[in-house]
Amino acid sequence: MDEWSWESIYPYYLKSEGFYAPNQTEVDAGATFVPEYHGLLGPVSVGFRPVSKGWNDLTTAINQTLRVMGLPWNSDMNSGHMRGFSLHPYTVDPDDIRSDAARAYYWPYKTRSNLHLKLNTFVNRLVWSDDDRGDSEENIRSTGVEVQDSEHAKPYIIHARREVILAAGTMRSPAILELSGVGNPRFAIICPWKL
Amino acid sequence: MIRCANQCRTLEKHGIPVRIDLAGVGENLQEQLKTVMVASTRIPVTGTRTVAFASAEDIFGPSTKFVAESIRSQLPQYARTAAQESNGAMEEEDLLKLYEIQHDLIFSEKVPAAEFVFLRQDAHTLQTGCWGLLPFARGNVHISSSEPLAQPIVNPNYGMFEWDVQIQIGMSRFLRRMLRTGELKSIMGIETQPGFEAVPEDASDEEWERWIGEICKSIPANLDYVLSDIM
């Protein structure tokens, strides 16, 4: 992958998706889709939640109102062109169970011998190759993570033979980096609050 | 401009030895501001959650050109302030380039800049979440202590720049117009949040800004996202 563009990443969205078309009741309620914008074989289930059209249907009224105001129905926002009004699909399977990361990517593969999941285990920080030597920034490597869990009295280290991939989300990745000594060491702001 | 909570933090302050000096860690956080309006219906309604994405032109109509020029003239100030806020993580000239691209996306490419999530709360209540999709605000996430289990401090800098507030005001006015238009007009009753007492029917920008400012301040700095709310 040469770049983070729509063109280069879009095939992987299609690859990850297992789309289920809406049934007739859902179509009558307003569900629409365009097949070319959906993958059918991927592990993440995508489909419409159970919905049927009742009396004084808001979807119909909102659709008409927005059309009057110049905002049209969008038959499938997964095209990447999102302007408009839509009744959209969710990451759910045909039983309306949410297709979460565990269902899509862990349970079907949990018997793999090179896949180990540690539950209730909390990462404290990254461990460095040279924690005693104080190598320069160019030579530094992460050799594992320090974790804590309820079964062990003290934190312990899980060692990485090859690499550590940090993917803890917007709010935890920066925190783990900072706790590991990666970040901005100095500031010019005078802090009005005591920490 | 509405300013919200800002915390400061430093590795040395928390007694953590610096291994890699990387000013960008925790900076450049982009978080959409959401305001919620609620209205009652005159008759019982049915229907599931739906969503509408609108461009700046959809929201501002004939005023769009004026808004676009006004915001463009503010970009250098946005870049200067965001750079200062970032504690050396971002340079003013880089931010200005990025902001110019963002401005083009909003006003020339006309990508969606506003999202409305329509939720039928019950048979007599329509709740609409209004999300400004492309704020110029840049926030940050930093540790508050060296204790790993402590929650990091999340500072989204909601409402940091005038555009971020203007789009929320625009969406709020658009929504009020919407509930008085077409088929919705015969269905919708009164607005209960914010309601015409809190924000008059023909409120000025300043009156809207006061309501939006309260929302900015009421969102705790330490955010725990509930996915069911945004999916």
Verify side-chain contact (heavy atoms from CB on, under 4.5 Å) between B:Asp58 and A:Arg83, making sure each step is shown before the conclusion. CA-CA 10 Å; B:Asp58 292 320; A:Arg83 181 178 172 264; 2.7 Å; yes

Where does [X] contact chain B at under 4.5 Å (heavy atoms): side chain, backbone, both or neither?
X	answer
A:Leu71	side chain
A:Ala29	neither
A:Met69	side chain
A:Gln148	side chain

Can you tell me if [atom1] on [X] sees more than 12 non-hydrogen neighbours from other groups inside 6.0 Å?
X	atom1	answer
A:Glu151	CD	no
A:Leu115	CG	yes
B:His124	NE2	yes
B:Glu93	CD	no
A:Tyr13	OH	no
A:Trp6	CH2	yes
B:Glu147	CD	yes
A:Leu41	CG	no

side-chain contact (heavy atoms from CB on, under 4.5 Å) between A:Asn184 and B:Glu27, intermediate numbers included: CA-CA 10 Å; A:Asn184 190 335; B:Glu27 294 292 333; over 6 Å; no

Go through the steps to decide whether A:Glu178 and B:Ile16 satisfy the test side-chain contact (heavy atoms from CB on, under 4.5 Å), and finish with yes or no. CA-CA 8 Å; A:Glu178 288 184 335; B:Ile16 299 169; 5.6 Å; no

Name the region of B:Phe174, side chain, backbone, both or neither, that has any atom closer than 4.5 Å to a heavy atom of chain A. both

In terms of heavy-atom contacts, A:Ala175 and B:Pro152 come closest through CB-CG, 3.9 Å

Which heavy atom of B:Ile20 sits nearest to which heavy atom of A:Trp128, and what is that distance?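 Shortest heavy-atom contact: CD1-CH2, 4.3 Å.
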
Count the heavy-atom pairs under 4.5 Å between each of B:Val111, B:Leu126, B:Leu179, B:Leu149 and chain A, then report the option with the highest count.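 It is B:Leu149.
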
B:Ala52, B:Ala114, B:Ala54, B:Gly47: which one forms the most heavy-atom pairs within less than 4.5 Å of chain A? B:Ala52

Distance in Å, [X] [atom1] paired with [Y] [atom2], rounded so as to fall on 0.5 Å steps:
X	Y	atom1	atom2	value
A:Thr65	B:Ile187	OG1	CD1	7.5 Å
B:Thr48	A:Leu87	OG1	CG	6.0 Å
A:Asn124	B:Ser146	CG	OG	11.0 Å
B:Arg19	A:Leu177	CZ	CG	13.5 Å
B:Ile153	A:Met171	CD1	CE	13.0 Å
B:Thr181	A:Ile62	OG1	CD1	12.5 Å

Any B:Glu183 side-chain heavy atom under 4.5 Å of A:Thr60 side chain: yes

Going by heavy atoms in the side chains, are B:Val51 and A:Met77 under 4.5 Å from each other? yes

Quick one: which of B:Thr50, B:Val45, B:Leu119 gives a side-chain contact (heavy atoms from CB on, under 4.5 Å) with A:Leu58?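 Between A:Leu58 and the candidates, side-chain contact (heavy atoms from CB on, under 4.5 Å) is satisfied uniquely by B:Val45.
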
Shorter than 4.5 Å, heavy atoms on both sides: which option in A:Ser173, A:Pro155, A:Ser86, A:Gly30 has the most such pairs with chain B? A:Ser86

